[in-house]
Protein chains: 2
Amino acid sequence: MPQRSTFHGSGALAFSTKGEYGVRLMVQLGRRYGHGPASLAEIATDEDLPRAYLEQLVTSLRDAGLVHSTRGARGGYELALPPDQIRMGEVLRALEGPLAPMICATEEPDHALCDRSARCTVNILWIRVRDAIAGTLDAMTLADLVPVRHVPIDPRLATVAAPGAGSREAETGATLAGATS
Amino acid sequence: MPQRSTFHGSGALAFSTKGEYGVRLMVQLGRRYGHGPASLAEIATDEDLPRAYLEQLVTSLRDAGLVHSTRGARGGYELALPPDQIRMGEVLRALEGPLAPMICATEEPDHALCDRSARCTVNILWIRVRDAIAGTLDAMTLADLVPVRHVPIDPRLATVAAPGAGSREAETGATLAGATS
DNA sequence: CTAATCCCGACGAACAAGGTCGGAATTGAC
DNA sequence: GTCAATTCCGACCTTGTTCGTCGGGATTAG
């Protein structure tokens, strides 16, 4: 496949495929958590994604300390932390860079102010959007996306799969009414 | 100037220049609200933006019913509504298209489900991000971005510039309900 | 009439997104 | 020791969107 058709996020503020594929990759690793390393080929098949491309993405995730790799035969990747301790904000930041809808709204405190910062009244808008996104993303963990497993092999893992364990409830008032149903 | 340096939104989920310039354009129109039409050349100079490019953007805003145009000499553009009745969400949607971080999280009810929608547990993440963005944007109006004017020429216009006009207090949670259904 | 303005469609260069490729290094299994 | 599976790494290529530019036509005030 040369390229994905049209554009997978049609409008404004779209994530790139890096973000999308990377999250799907992480979810797969979440399902396999506790089963030892999983090879990229395996995951690429499961999610129907180009393996060579996933290699690039997983490198970012590894460098960010989110996944751990094992080289050699029977090697692969696995989560470096339990799923409920991986905030989705971290995942997306590792994949796509800092969450910043605009150059003057970087997450870094040493934000590169635009030259017009003096009379720039628009700044507050981008800041608020950035905070809303970051807040939402950091309020969700990978555990919220991994489908519940019936019976974990290791009973100690039951606490991990418990819903809403660590992640605070978001203050965004998210009404996700019947989204996918 | 052929192109803007590097990329004005460095990381993930960046607005394009359409969104940025368009908002700045609207703010300028907000400052001039009540003073009759303003020409694009004037605004382009004030904001130091390419006039020919603004022409394209303002077309979208006009088609969305946010600005009103007057043709001919001494013509120009003006806001079609008072600033406090223009939600920033509308502005950005007009400029950039629907707020959708991912194809499977469109604002339209007839969302084109990705082919994997059955076993897609990731969807909820994009939906929440989309709601957070839309909620934040729709809770702010153009009046929140226009710097307060000291003394309007026409005293009747004081009501327009007055801060308590209503939509300021909208909390993010309330407006979300209507958006999704 | 003339000058200012909006209006419209076509055009084009630069750039990042979205992948592909080939090979080197590492390791488990036999 | 050999072999196969796998991560690791950098270079390369292609395509579409973004970010504008350009030239002219339609409209209207003075």
Side-chain angles (χ1 to χ4, degrees), chain A residues 1-22 24-25 29 36-45 47-63 67-78 80 95-97 102-103, chain B residues 1-22 24-25 29 36-45 47-63 67-78 80 95-97 102-103:
Chain A
M1 249 168 267
Q3 194 107 332
R4 234 56 170 187
S5 62
T6 60
F7 193 47
H8 73 292
S10 56
L13 282 180
F15 282 107
S16 71
T17 55
K18 270 192 179 121
E20 184 193 343
Y21 296 176
R24 284 164 63 181
L25 168 64
L29 290 183
S39 79
L40 266 195
E42 190 179 343
I43 291 177
T45 305
E47 285 287 332
D48 192 31
L49 296 175
R51 200 203 93 242
Y53 191 36
L54 288 186
E55 274 188 16
Q56 290 185 40
L57 307 189
V58 83
T59 300
S60 311
L61 295 167
R62 168 170 50 75
D63 292 347
V67 309
H68 170 249
S69 66
T70 312
R71 305 188 62 171
R74 298 279 300 171
Y77 299 89
E78 55 197 323
L95 291 164
E96 304 235 31
M102 202 60 59
I103 190 67
Chain B
M1 255 165 267
Q3 195 108 332
R4 235 58 172 185
S5 62
T6 59
F7 193 48
H8 73 290
S10 55
L13 283 180
F15 282 105
S16 73
T17 54
K18 269 192 180 124
E20 184 195 343
Y21 298 176
R24 284 164 64 182
L25 169 64
L29 290 184
S39 79
L40 264 196
E42 189 179 346
I43 290 176
T45 304
E47 286 286 334
D48 192 32
L49 296 175
R51 198 203 94 240
Y53 191 37
L54 288 187
E55 273 189 15
Q56 289 183 42
L57 307 188
V58 83
T59 300
S60 311
L61 294 167
R62 168 170 50 75
D63 292 348
V67 308
H68 171 247
S69 66
T70 312
R71 305 188 63 172
R74 298 280 301 172
Y77 298 90
E78 55 196 325
L95 290 164
E96 305 235 31
M102 202 59 60
I103 189 67

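Since this is a predicted model, take the numbers as computed values, not measurements. In what follows, chains are A, B, ... by sequence order, proteins preceding strands, each numbered from 1. Side-chain atoms are counted along with the backbone in the values below, which use heavy atoms only and exclude waters and symmetry mates.
In this structure, B:Tyr53 places its OH atom 18 Å from P of C:dG9, rounding to the nearest Å. Between B:Leu57 atom CG and D:dT21 atom P there is a gap of 12 Å when expressed in whole angstrom units. Put simply, CD on B:Glu96 is 15 Å from P on D:dT17, counting in whole angstrom units. Distance A:Leu25 CG to D:dT7 P: 11 Å, rounded to the nearest Å. Straight-line distance from the CG atom of A:Leu29 to the C1' atom of D:dT7: 14 Å, rounded to whole Å.
Side-chain N/O atoms of A:Gln56 and base N/O atoms of C:dG18 include no donor-acceptor pair closer than 3.5 Å.
Residues B:Tyr77 and B:Leu29 come closest through the heavy atom pair O-CD2, 3.6 Å. Residues A:Leu95 and A:Gly22 come closest through the heavy atom pair CD1-CA, 3.6 Å.
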- Where along nucleotides 1-8 of chain C does protein come under 4.0 Å, by heavy atom, of base (B) or sugar-phosphate alone (S), with - for untouched nucleotides? ---BBBBB
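Every residue meeting the side-chain hydrogen bond (donor to acceptor under 3.5 Å, both in side chains) condition with A:Glu42, not counting sequence neighbours, appears here in chain and number order: A:Arg32. For B:Glu55, the side-chain hydrogen bond (donor to acceptor under 3.5 Å, both in side chains) criterion is met by B:Arg51, not counting sequence neighbours.
Contact annotation: the side chain of B:Glu78 approaches that of B:Thr70 to within less than 4.5 Å [non-hydrogen atoms, C-beta and beyond].
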